[in-house]
Every structure is written in C-alpha cells, then in structure tokens.
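Here's the structure we're looking at; comments come further down.
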Amino acid sequence: MSEHDGRDPGPGDGADASTDPQGGDNCGCDDACEVEGASESGVPGETESGDSAGESAGAVRAEFSVPDMDCASCASKVETSVRKLDGVGDIDPRAATGRLVVEYDPDRTTPDDIRGNVEGAGYAVEDGPSTREVSFTVPDMDCASCAGKVENALRGAPGVLSYETRPTTGTAVVTLAVDADLDAVVSAIEGAGYEVTGTDADDGDEDYGHSHGGGDADADRESVWRSTRAAKTWLSGGFLAAGITVEYLLGLELVVASVLGVSFTAAELLYVLGAAVGGQAILRNGYYSAKNRSLDIDFLMSTAILSAVAASLISGPTSLYFEAATLAFLFSVSELLERYSMDRTRDSLRELMDLSPDEATVLRDGVETVVPVEELVVDDVVVVKPGEKIPVDGTVVEGDSAVNQAPITGESVPVDKAEGDEVFAGTVNEAGYLEVRVESAAGDDTLSRIVSMVEDAQANKTEREQFVERFSSYYTPVMVVVAVAVAAIPPIAFGLDWVTWFVYGITMLVLACPCAFVISTPVSVVSGITSAAKNGVLIKGGTHLEAMGSVEAVAVDKTGTLTKGELTVTDVVPLNGNSEADVLRCARGLEARSEHPIGEAIVSHAEGTGVAAREVDDFESVTGKGVRADLDGVPHFAGKPGFFEELGFDLEHVHVTGPGEELSAEVRQLCDRHGCLNLVEDTIPRLQSEGKTVVVVGTEDDLEGVVAVADEVRPDARETVAKLREAGLSVVMLTGDNEGTARAIAEQVGVDDFRAGLLPEDKVAAVEGLLDEYGSVAMVGDGINDAPALATATVGVAMGAAGTDTALETADIALMADDLSKLPYLYELSHRANNVIRQNIWASLAIKAVLAVGVPFGYVSVALAVLAGDAGMTMGVTGNAMRLARIRPDD
C-alpha cells in the first residue's frame, strides 16, 4: 500500500493483491463481474503530491470507489490493468473497502484513463463522492518548520489522502476518504504539538481546542507579547542578564551548587535556569520534530542547546552554559518575532473577512428582527440603515442611497443605488435607507467568493516557491553535515581547541534552518494578493501574480474594455436650417419602433435631452438600409447615406443655411467650404474615420441632419494605455470591428497595434501570435465572450467581474469594477511583487552564506547567528513583503 494513506491492509489489500500466481478469480465470480453504473469519483480528491510527502514530484493522488473489487483476485486484475497506463505510480487496491487509490503523473495520464482501465478489467467505478476536503485551524503553525511537522504527522493519519499546510493563515487543508475519522486527524495534528482550534467540517458539534472560529488566530498580534511563551522568554532573558552581571560585572566565581559531582558557580546556575526556562518550548517542539522525523529548526535548536549543556556536564573545565542560555533566549525571541510577523501577514486576510457584518436586520411579517447573517435565506428582505454594512448580495427593493463599494470593486467614489440596483455584501450604505432582497445565501456572496479564492490562491505554488522548497530540502541536511564537520574535524585532525570548534558547530546548526528563505515567497504572495483584493483586483494565485509582473505585452479587447460597450449618440449635424433638437425629434420618431441597437441609442439620447416625441404612422423597416415613417403626417426617412442617394439626394452639396435664405455672392463663391457640406467626401468620411456609424435623417424633399452613433471610448482608456506603454509594455487592441473603425479607436487610445475583423477563434490565434512574438502576454476582456482568448494568454484578466460568476471562475485575475484604470496598478503591483520575492530569496541566502563563512573565523557568534540569520531575516523578509500593501491604484 502507499506510504501515507494511513490505512491498515485488509485481507487482499495491497501486497496480498497479487498472491495468486495464476491470476485466477478466487472470489468465485467470473472475470466479467456484473457491476453498477460508474462515474468518476476520484477527481474530487485529486491534489498535488507536493503537499503529500512520500510521493514523486508532480504526482497527484485520486481515490475511486470500486464496490465489486472485493477479493484478492479482483484487486490483482484492477491493479494489473491500471498499471498498464503510462505515468502511474503507487497503486493501492483496497478489497476490504472496495476502494482504489492511485498515484499518477497528471501530465501523462488522467482520472478518466484510470477509470477506463478499471472498467476494462470488468469493474465499474461507482457514482458518488469518495473524498471530502476539510480545513483545520492550527493557529500556532506559523512557520515552514511547524508546517513540516504537521505534514509528517498527517502522512500517517488514517484516511488522509493528501494535505496542504498554509502557515500564512494557520490552516491545514486535508483531503480525506469520505468515511475517515475526523478525530483521528485532529489527534495526529495535535500529536505533532499543535492545537487544532476549529474545522469547517459539518460533522456535528465537535469542539477542538477553544473554538471553531480559530481561537488564538483571531487574537490581535499584541497578544503574542503577552503570551505564556513571551513571559518565559523574558524570564529567561532576566536569568541570562543576571548571569552576565554576576560573571562579568561583579566577577564572582562563587560555587553555589554541586549536582552529581558537577559544581555550578552562581553565574552558571543562572545560565542553566535561563536555558531551562527559555528552552522549555524549544525542547518540547524539538521532541515533536524528532517524533515526526522532521529535520527542522526546533530539532536543530534543541540539539544545539542540549549539546552545549551536555558538553559542559561531561567536561568539567568547559562551561558552555552561557551559549545554551543565549541560544534559548534569543531563539525564543526569534520565534516571537516570527509569530508577530506572521500575524501581520494574516491580518491582511482577516481584514477581508471582517468586511461582512455578523448580524442583519431582517423584515419578516412587517417586523424588524436582528438575526445572524447565516440565518438569512434567499428572498428575505433586510433593512440597511445609514452607516451600516450591507450583509448580503441582493437587489434594492425600496429606498435610494449612495453605497461605498470600495471593499469589493475598489471604487473610490460611492455609487448611487435605487430600486432594482444590485448591491454587494460588505459594502457600506453611506446615507439613505435601503431595503434589500437577498439574492444569495451567506457564504455564496461575492465577498465570500473573493475571500475563498484569496485563501485558495495560496495553494497555487509559484515556480519560485517550488524552487525554494527543492533547495531547502537539500540545504538543511548539507548544513547539518557541515556543522558536524566544523565541530569535529579541526579538533581531531589538527588538534585545535575542541570547545571553540564545538561552539562553531553549534553556530552552524543555527544557520542550518532555512526558515526566512522558505517564507520569503509565500509572505510576499499573500501580501500582494490581499492588497490587490482590498483594491478591487482579485488575483487567483501566486503564479498569476508573478506572471502578470513578467508580461511583455497586453492584448486588450475593444468592446466593453477600451470602450464602454454601449452605443451612444456622439454627434448631431443639423442641415438646411434645422436645429439639433429638430433633428433629434425626427430621429426619435423614426427610430422609436426600431429594435436595432443604433435606433435604441438614438431614442435614449433624445429622451435624455428632453426632446418631445412625434406622432408616428406607417412605420416601415427597409432591411439593410434604414427606416421610413410618417411623422405628424409627413413622410420621413432615416438610414445609411446610400439609402438617401437612392432617394435622389445630392450628398455632395448640402446647405447648412435655411432654404429660404439668400446666399451672398461671396458665400456662393466659397460654397464648398462655407455655405454647404460635402457629406460624401468630408463629413461622413470624417465621422466614420473616428469609428462612428452615420445615420442620415430627412424627408422626401430635404435633408434634415446627420446623427453619428458610436461605442464611446472610456475616458480613462488613453491614459491607461499610456501608463502601460510607459511601463515598457506593448499594447495591442483586438476587435471584431472593421478595419476603419478599429484604426480610428486605435489612434484615439494610442495603442501600439491592432487586429481587426476577429471572430472569437481569431482572437485566440491573435493571442497565440503575440505569445510567439513577445513570449508572455496578458489578455484583458470581459471574461465571458473572450474566455477562449483569456485562457490562451499567459494571464487572463476579466473586467467588471463583481457579481459575475463566470468571470470570477474563468479569469486568472479579475478587475471587480468596470474600471480599466486598475490595469496599470495591477501590473505595477505584480512587477514589484516579483522584485520583492527576488530580494527576499537572494537576501536571505546571501546573509546565511556570509554568516556561515564567518563562523570558522570566529566572526559570527551564536547570538549573531540567531539575531541576524533567523530573527532578523524573518522580520526583514516579512517587512519587505508588507511594503506591497502600500501600493495604491492612484500611485
């Protein structure tokens, strides 16, 4: 059976599955057992093996329910069939429970392939989930070393299929067999020395630790300095300071105690007390590290402290109690600083969680009642008074107000809301009274999805994180070997003072732990992702954060991204003495019965300017050309310029003045420029060159005017494109519009290039071409129609994703507001996050290297190794990462 599934083999399980040399069917059934309908049940349990020790790199595990696999022979046939697949690793057929666990390489095979081979052996995969995912709150798991012990403990827990530890949030996400005992998993975690304070499982009312809500994880970070660990640390420091005072300031060498023939001076006794008090927690954690076979910082520090004390006891003249006490005190301080730093990181996510109120005022049977948000159901009506947070996603059914949507969309200006408008949980009602109908239950609202996605983003390990984990797996063992060599070789080979080199060896042990190095990337990713979320940008993983900061080009869809995505009237050119109002009055009447988007835009604009309606009769749509109707009994037309040319109008010579006015001789001479318009060669081409659609309006006898309609460019589009180009990016516009319209918009917004006349599949090809040219490309679109192109790009960015499930699910990054100006902010944040990650990684490595080189020369003491190599670097990388939170969209 596989190394860490945690189950005892039953008869016919694992190794017993191939005991029949003939491969006969000892169960008594024939080879083609009658089986039930099948469905893939292993997929829900599919997780990366990097989170499950004992598996090969890149492998994942899946569990399948195979109820008719109930004997050793059945298990043998299933295992043999699945083994034929390329990329399959460990196979664990559990005949006693009818379950099959398979480790496989997702790049070489799939769950569907595995299922097919199981069915090919004559056994069906039963419908129904066979796994479940449970999140355990482990607040004291706040470093890579802690996470390693928890992982080692989970590896042997019964029913555990895979796991992922998240020290940045103090949670362990475990994939379990559906019938696994939750208490056994909790016991395994607590057996590693870390209390479980809650889970998200629905298994009744088990109360782990102090609360379901996260216990100490919700305490403010100042509590770190008031904790029991802190009190012992300060007491340890007091003993250490007293010992230094007695030995070095007072110069007392008075022997005050003797134990088993070993004498202790007053200073030495104070040092021992300091080491004992300060080292209690360290030794406890070191015990759990040894128990779980984890070569981590707790085990190394425990070894160093015990070695110093043991050497002092064994060799009478040698006293290393000072080093033991110094190590215990300073490492305890380092642990407190690390916990403080991690709490700062966790606080950034808690701020998101705290946006939604815990209670809501619901209106039932005309009575206002305050209830927990969890008790609200769809179609409930909640009352939101001025200054209160809106508790759920919903629709306004009564009242109007300005709502601050910054927590969700990042918009700095409150948005007016009235009856029928959508509102989001966590946003703030600024002024008026609102009644909101609940559209989604608590936990299913936009804010909850954002928080969930931000939490899940930690599971998406970046390439740098994977490199760090691989490097650290070699770094610590190598450094331990170096520490032993430093302590042993010089005294043995060259007869040097063994006490001095023993201390050097202890110092090298301190440097053997890569804690700051390991957390350098995840704290930066969490800081960057949570900072973006608070500014209305949802980044769904560190991989996407890094990738966005490395793109060389940005492909931007035109409609709905660079433009508003809605047709509006941009120009009204009155002719032959008519006013703009006259033209709009006729255009409104003609288009009032039209269902064309251009007609709707004209009617909407006319209504907005207060133009009165006209009586319409005999409306007729002339397909592909325009419309005609009688307005107040007079025949009118509206349509393409060609439509009017067919009606006999001379569009090359249209007077601006009224038909009854006499033209002066001078005006007659300059008619082409001053008294008339050449619609064919001047006005119409000019408007069309600006990406506008031209509609001519007139009667049978006269042209009344020209109306231009366009999908208006966003006011901030040109500035956004300019900022992206200033950052060194090439900006390419993709559109399905014709060449002329595309060129006009491209020139207006200032992009480097454009691609016109593109169907959805053509946009995919265009993105592929840009990838060939630039190597790394971000695609920005609406997240729905552009989904294929978004998926093809290195990074897909969806606009206006708030309240749009499809955009939230399909895009790698979602701009929650319909605000293009967030794009430069996104790139700046991602680019600087990459810089911070690189700084953290190389700085932590460089400092460790410098300190390690200085140890044999006597330049680096135990104290310096702890303060600079551990505590200092942990604080440094965390503080550097938290700088990302200061980046704002308007910077």
Could you tell me whether a side-chain N or O of Glu712 sits under 3.5 Å from a main-chain N or O of Leu567, the two making a donor and an acceptor? no

Can you tell me if CG on Asp181 sees more than 12 non-hydrogen neighbours from other groups inside 6.0 Å? yes

Does the side chain of Thr395 pick up a donor-acceptor pair with the side chain of Glu439 at under 3.5 Å? yes

About how many Å separate CE of Met548 and CD of Glu828, when rounded to the nearest 0.5 Å? 11.5 Å

CG-OG1 distance between Asp716 and Thr720, expressed to the nearest 0.5 angstrom: 4.5 Å

Counting N and O atoms only, with roles assigned by atom type, does the side chain of Ser187 sit under 3.5 Å from a partner on the main chain of Asp183, one being a donor and the other an acceptor? yes

Nearest-0.5 Å distance that lies between atom CG in Leu161 and atom OG1 in Thr175: 7.0 Å

Pair Lys417 + Asp400: basic N to acidic O under 4.0 Å: no

Tell me whether Glu566 at atom CD has more than 12 heavy atoms from other residues, nucleotides or ligands lying less than 6.0 Å away. no

Would the distance check show the side chain of Asp416 and the main-chain N or O of Ala402 forming a donor-acceptor pair, the cut-off being under 3.5 Å? no

So, do Glu591 and Val627 sit near enough that their side-chain heavy atoms are less than 4.5 Å apart? yes

May I ask you to say whether Arg614 pairs ionically with Asp632, meaning some side-chain N is under 4.0 Å from a carboxylate O? yes

Passes side chain to side chain contact (heavy atoms under 4.5 Å, CB included), Leu562 versus Arg714? Steps please. CA-CA 6 Å; Leu562 289 174; Arg714 293 177 184 271; over 6 Å; no

Paired with Ile539, the side chain to side chain contact (heavy atoms under 4.5 Å, CB included) test is passed by just one of Ile529, Asp812, Val795, namely Ile529

For Thr878 and Val523, work out which heavy atoms get closest and say how close. CA-CG2, 4.4 Å

For the residue pair Tyr825 and Ser531, what are the closest heavy atoms and their distance? OH-O, 3.6 Å

Dump the intermediate steps for side chain to side chain contact (heavy atoms under 4.5 Å, CB included) on Asp819 and Lys822, then the final yes or no. CA-CA 6 Å; Asp819 184 1; Lys822 293 292 177 64; 3.9 Å; yes

Verify, without hydrogens or angle tests, whether Thr561 (side chain) and Lys558 (backbone) share a donor-acceptor contact under 3.5 angstrom. no

To the nearest 0.5 Å, what is the distance between CG (Leu545) and NZ (Lys540)? 14.5 Å

Determine yes or no for a side-chain-to-main-chain donor-acceptor pair under 3.5 angstrom, with Glu388 supplying the side chain and Lys385 the backbone. yes

Carboxylate-amine/guanidinium contact Asp711 Lys564, below 4.0 Å: no

Quick check: does any side chain N or O of Ser830 sit under 3.5 Å from a backbone N or O of Tyr827, one acting as donor and the other as acceptor? no

Does a side-chain heavy-atom distance below 4.5 Å link Val403 with Pro414? no

Considering all heavy atoms of both residues, which atom of Thr171 and which atom of Met141 are nearest to each other, and what is their separation? O-CE, 3.2 Å

Find out whether Met799 and Leu820 are in side-chain contact, i.e. whether some heavy atom of one side chain is under 4.5 Å from a heavy atom of the other. yes

Asn404 side-chain N/O to Val428 backbone N/O, donor-acceptor pair under 3.5 Å: no

Give a yes or no answer on whether the side chain of Thr199 reaches the backbone of Ser135 with a donor-acceptor pair at less than 3.5 Å. no

For Gly399 and Leu434 the tightest heavy-atom approach is C-CD2, 3.7 Å

Scanning both residues in full, the closest heavy-atom pair of Ala157 with Ala188 reads CB-CB, 3.8 Å

Met779 vs Val797, side chain to side chain contact (heavy atoms under 4.5 Å, CB included): CA-CA, chis, key distance, verdict: CA-CA 6 Å; Met779 172 67 193; Val797 182; over 6 Å; no

Could you tell me whether a side-chain N or O of Thr609 sits under 3.5 Å from a main-chain N or O of His605, the two making a donor and an acceptor? yes

May I ask you to test the Val196-Thr137 pair for a side-chain heavy-atom distance under 4.5 Å? no

Could you tell me whether the side chain of Val382 reaches within less than 4.5 Å of the side chain of Thr361, counting heavy atoms only? no

Find the distance between CZ (Arg588) and CG (Leu631) and round it off to the nearest 0.5 Å. 12.0 Å

Do Val383 and Tyr433 make a side-chain contact, defined as non-hydrogen atoms from C-beta onward lying under 4.5 Å apart? yes

Pairwise distance CD1(Ile887) to CG(Leu826) - rounded to 0.5 angstrom: 11.0 Å

Indicate yes or no: at least one non-hydrogen side-chain atom of Val174 is less than 4.5 angstrom from one of Leu154. yes

Strictly distance-based, threshold 3.5 Å: is any side-chain N or O of Asp582 a donor or acceptor partner for the main-chain N or O of Arg585? no

Side chain to side chain contact (heavy atoms under 4.5 Å, CB included) between Leu182 and Val134: does it pass, once the steps are laid out? CA-CA 9 Å; Leu182 211 61; Val134 179; 4.0 Å; yes

Is there side-chain contact between Ser604 and Val569, with heavy atoms separated by less than 4.5 Å? no

Minimum heavy-atom separation for Ala606 and Leu584, please, with both atom names. CB-O, 4.2 Å

